[in-house]
Amino acid sequence: QVQLVESGGGLVQSGGSLRLSCIASGRFFSIRSMGWYRQAPGKQRELVAFIDFGNDADYGDSVKGRFTISMDNGKNTVFLQMNSLKPEDTAVYYCETKVSMSGSYVLEEYWGRGTQVTVSS
């Protein structure tokens with residue numbers, strides 16, 4: 001069982017920056033990847049960024065060049081540095097992880113409760 005807790009959301013003006021954090025805790029063998037997804041009112045949840053155990057990262061097209069994902073493996077923490085924020089970035093941001101519970105290649109997925117990011121014009 002894994003618990004994810006996000007922090008760092010808030011209200012920021014267009015062009016500003018925020019840094020989100022997510023800490024994973026609980027009982028698991030290893031973290032294989034962590035990611036950020038977001039969901040705005042009336043829209044489907046979409047990928048923002050993810051990073052795997054080899055530190056290979058990928059980003060959604062709408063945030064490329066503006067957001068950076070990173071991981072502190074020793075602290076089981078993932079960060080999302082959000083720069084040049086736009087009003088369309090307004091959403092609830094959810095932390096996600098895929099973990100191995102036994103050391104096998106069978107993975108389990110867990111989600112955090114989310115943190116609100118609001119970007120004003």
Side-chain angles (χ1 to χ4, degrees):
Q1 188 75 4
V2 178
Q3 295 81 46
L4 300 174
V5 179
E6 304 100 333
S7 62
L11 175 65
V12 66
Q13 288 185 305
S14 180
S17 298
L18 287 173
R19 181 177 170 88
L20 305 183
S21 300
C22 175
I23 302 174
S25 62
R27 190 169 183 175
F28 51 87
F29 187 83
S30 65
I31 293 176
R32 297 306 182 97
S33 68
M34 300 189 77
W36 291 95
Y37 293 74
R38 68 187 183 187
Q39 188 166 22
K43 296 185 177 181
Q44 293 183 310
R45 186 173 297 187
E46 64 175 347
L47 171 71
V48 177
F50 74 87
I51 187 166
D52 65 17
F53 69 94
N55 285 323
D56 290 325
D58 200 6
Y59 299 88
D61 289 339
S62 63
V63 307
K64 287 181 178 178
R66 299 187 298 122
F67 293 6
T68 302
I69 189 170
S70 61
M71 184 187 299
D72 185 336
N73 297 98
K75 296 183 178 180
N76 296 325
T77 302
V78 66
F79 305 95
L80 184 69
Q81 180 65 47
M82 309 165 66
N83 298 327
S84 301
L85 283 162
K86 305 174 181 179
E88 52 261 44
D89 295 318
T90 296
V92 177
Y93 284 69
Y94 296 91
C95 180
E96 177 264 0
T97 187
K98 293 183 177 67
V99 303
S100 171
M101 303 298 289
S102 65
S104 73
Y105 290 104
V106 178
L107 305 180
E108 296 186 2
E109 186 178 45
Y110 294 89
W111 294 87
R113 292 182 179 271
T115 184
Q116 178 70 48
V117 172
T118 302
V119 184
S120 63
S121 301

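Just so you know, residue 1 is the first one in the sequence shown, and it goes up from there.
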Within the side chain of [X], is there an N or O that forms a donor-acceptor pair under 3.5 Å with the backbone of [Y]?
X	Y	result
T97	S33	yes
E6	C22	no
Q81	T68	no

Output the distance between atom [atom1] ([X]) and atom [atom2] ([Y]), rounded to the nearest 0.5 Å.
X	Y	atom1	atom2	result
S30	M101	OG	CE	10.0 Å
F50	E96	CZ	CD	9.5 Å
F29	R27	CZ	CZ	12.5 Å
R66	S84	CZ	OG	7.0 Å
L80	I69	CG	CD1	6.0 Å
F28	Q3	CZ	CD	9.0 Å

Indicate yes or no: at least one non-hydrogen side-chain atom of [X] is less than 4.5 angstrom from one of [Y].
X	Y	result
D58	D56	no
L85	F67	yes
K75	S21	no

Review point. When you look at E108 and V2, which way does the side chain to side chain contact (heavy atoms under 4.5 Å, CB included) test go after all the steps?
Key: CA-CA 9 Å; E108 296 186 2; V2 178; over 6 Å; no
Check your understanding: Honestly curious: do F79 and I23 fall in one hydrophobic cluster under the side-chain, below-4.5 Å linking rule?
Key ->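 Cluster IDs for F79 and I23 differ.
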Review point. Salt bridge (charged side-chain N to carboxylate O under 4.0 Å, His left out) between D61 and K64: does it pass, once the steps are laid out?
Key: CA-CA 5 Å; D61 289 339; K64 287 181 178 178; 3.2 Å; yes
Check your understanding: Just one of W111, Y93, Y94 clears the ring-ring contact (aromatic ring centres under 6.0 Å, His included) bar with Y37, so which one?
Key ->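 Only one of W111, Y93, Y94 forms a ring-ring contact (aromatic ring centres under 6.0 Å, His included) with Y37, namely W111.
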Review point. Would you say R113 has more than 12 foreign heavy atoms packed within less than 6.0 Å of its CZ?
Key: no
Check your understanding: Got a sec: does the CD of E88 have more than 12 other heavy atoms crowding it under 6.0 Å?
Key -> yes
Exercise for review: Output, in order, the C-alpha distance, side-chain angles, deciding distance and verdict of side chain to side chain contact (heavy atoms under 4.5 Å, CB included) for M82 and V12.
Suggested key: CA-CA 11 Å; M82 309 165 66; V12 66; over 6 Å; no
Check your understanding: Are R38 and E46 close enough, and set up right, to give a side chain to side chain contact (heavy atoms under 4.5 Å, CB included), and what steps lead you there?
Key -> CA-CA 6 Å; R38 68 187 183 187; E46 64 175 347; 2.8 Å; yes
Check your understanding: Minimum heavy-atom separation for I31 to V99, with atom names?
Key -> CG1-CG1, 4.0 Å
Revision key, fill the gap. Taking every heavy atom of A24 against every heavy atom of L4, the minimum-distance pair comes out as CB-CD2, 3.5 Å
Check your understanding: Between M71 and F53, does a side chain to side chain contact (heavy atoms under 4.5 Å, CB included) hold up when you go through it step by step?
Key -> CA-CA 9 Å; M71 184 187 299; F53 69 94; over 6 Å; no
